[in-house]
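Below is one structure, written out as structure tokens, with a few remarks after it.
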Amino acid sequence: MREPQLDGLRAIALLSVFYSHFWEESSNLGHLGVRFFFVLSGFLITSILLNARAHDNHAAATIAFFARRAARIWPPYFLLLGCCWLAAGALKLPLMNESLPWHALFLSNIWYAAHGPEPWALQHLWTLAVEEQFYLIWPFVILALPSRHLLKLCGALVSCTIFYRASAFALGKVDEANALPFDSIDALAAGAALSFLAVDGRSFPRWLLWVSVPVGVAGFIMQIAFDLGNLVEWVLLEGALVLPLTAIVAVASKGQLLKILANKSLSGLGRISYGAYLYHLPLWAVLLRLSDHFGMGDLFVRGPFTMVVVGSLSTLMALASWVMLERPVMAWSKRVTNRPAPA
């Protein structure tokens, strides 16, 4: 599915991450952006899997799914890890070399849950680890489970995530639990549920759309403007805000949201958002190291200058990556997986 408004949502999610990382570290906008990415991913990936399920040859369709996902995610990802391995000594980031095998196996979230926040320049890769772990399990769930149970499963997963957060809070393990895949299951499952509704020809319930408006406004203000502690922010609001995020995706997927989301610049940024997200923290680490080397250590401290400069450079790198690496590899993978099997 290539809906320009969904790409526009990706761009907004990316910019919110940039704001939290480059400008205001205490802002929760970046985390909301990541949650947006997960809802979108749950919706789009499940849509792809449901289309694959309609094929007679489930095995071939599943293999094609994994091949195309690998072609989409792996090339720039492993290029980045290779560059980090080569530059580890120059960057002088703690635990860089020790963490690289974990990143290569898409276990970044496990690494950070066990070892803390270093190396900070690769900390954002925990989200990609969650995505890959989701890809390993979800296709087989979709293929194995009867259609009538899929929505019930999504509801159960959302409920289990709330219980997981409450248990982690009670045990005092919030930081560790944040990085593990169970914390993101509710957003992925909510997006998946939206896909099931679309395949059945049903729309997101109108009454839920109306409920999502006050929930979203109140939750957004509370998350951004107040420090309410983990019980309210993580256990309660984290789950509640999945509803408005899912409602926005539901409306945008039908092209019914703000037309500005389909603007070529915004949707174009959303299309290359994976690369921009992937490269932004390592690029910042390089610029910080260079500025320190040349005696300008304060040049790239957090603020509007850093957001504009590093965000723009990250976008340019992503554009180059899209044109020279990502798009050609994806086109090749589609040609290969669309070939008929030999007789």
Side-chain angles (χ1 to χ4, degrees), residues 1-10 12-13 32-55 58 61-62 64-65 68-69 130-131 134-135 137-163 181-217 219-220 237-259 261-262 267 270:
M1 177 184 294
R2 176 56 67 185
E3 170 56 57
Q5 292 202 27
L6 294 182
D7 283 332
L9 290 180
R10 284 194 185 95
I12 291 174
L32 288 175
V34 168
R35 299 280 286 166
F36 227 145
F37 276 127
F38 282 140
V39 174
L40 279 165
S41 183
F43 173 61
L44 294 170
I45 293 304
T46 304
S47 298
I48 293 171
L49 290 170
L50 289 173
N51 288 332
R53 176 175 165 147
H55 288 81
H58 286 177
T62 304
F65 167 79
R68 291 184 181 184
R69 283 293 90 197
V130 169
E131 292 268 2
F134 174 65
Y135 296 157
I137 298 172
W138 197 239
F140 302 103
V141 173
I142 297 296
L143 291 176
L145 201 64
S147 299
R148 64 182 182 277
H149 296 314
L150 291 174
L151 275 176
K152 297 175 185 177
L153 173 64
C154 290
L157 290 173
V158 171
S159 300
C160 288
T161 306
I162 296 171
F163 176 76
F182 312 108
D183 182 52
S184 305
I185 291 297
D186 58 340
L188 291 163
L194 190 59
S195 179
F196 298 141
L197 289 174
V199 168
D200 286 343
R202 291 184 281 171
S203 299
F204 194 76
R206 186 172 295 274
W207 69 272
L208 273 180
L209 284 175
W210 287 109
V211 169
S212 70
V213 174
V215 170
V217 172
F220 180 81
L237 287 181
E238 188 94 339
L241 284 173
V242 169
L243 175 60
L245 294 180
T246 307
I248 292 171
V249 173
V251 177
S253 67
K254 297 182 180 301
Q256 296 172 347
L257 209 55
L258 295 173
K259 294 300 182 183
L261 291 176
S267 63

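Heavy-atom basis, side chains included; hydrogens, waters and symmetry copies ignored.
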Please round to the nearest 0.5 Å and tell me the distance separating atom [atom1] of [X] and atom [atom2] of [Y].
| X | Y | atom1 | atom2 | value |
| --- | --- | --- | --- | --- |
| N51 | I142 | CG | CD1 | 11.5 Å |
| L49 | L143 | CG | CG | 7.0 Å |
| F196 | T46 | CZ | OG1 | 5.0 Å |
| I12 | L32 | CD1 | CG | 12.5 Å |
| L188 | I137 | CG | CD1 | 11.0 Å |

Considering residues at least two apart in sequence or located in another chain, which fulfil the ring pair (Phe, Tyr, Trp, His ring centres under 6.0 Å) criterion with [X]?
| X | result |
| --- | --- |
| F140 | F66 |
| F134 | W138 |
| F163 | none |

Any side-chain heavy atom of [X] sitting closer than 4.5 Å to one from [Y]?
| X | Y | value |
| --- | --- | --- |
| L151 | L197 | yes |
| Y135 | S41 | yes |
| F38 | E131 | yes |

Nearest atoms (heavy-atom pairs only) where [X] meets [Y]:
| X | Y | answer |
| --- | --- | --- |
| S195 | L50 | OG-CD1, 3.6 Å |
| S267 | A262 | OG-O, 3.8 Å |
| V215 | A240 | CG1-O, 3.6 Å |
| E238 | R35 | O-NH2, 3.0 Å |

Review item, side-chain donor-acceptor pairs of residues 154-161, under 3.5 Å, at least two apart:
residue	atom	partner	partner atom	Å
S159	OG	G155	O	3.1
T161	OG1	L157	O	2.8
T161	OG1	D186	N	3.4

### Which residues share a side chain to side chain donor-acceptor pair (under 3.5 Å) with S203, sequence neighbours left out
none
#### Entry: side chain to side chain donor-acceptor pair (under 3.5 Å) contacts touching residues 204-216 (sequence neighbours left out)
none
### Query
Excluding sequence neighbours, so at least two apart, what forms side chain to side chain contact (heavy atoms under 4.5 Å, CB included) with A252?
Q5, L6, L9, L257
### Task
Go through the structure and list residues passing side chain to side chain contact (heavy atoms under 4.5 Å, CB included) with L194, not counting sequence neighbours.
F43, F204, T246, V249, A250
### Summary
residues 145-161 vs salt bridge (charged side-chain N to carboxylate O under 4.0 Å, His left out), sequence neighbours excluded, gives none
### Query
What pairs with R202 under salt bridge (charged side-chain N to carboxylate O under 4.0 Å, His left out), at least two apart in sequence or on another chain?
D200
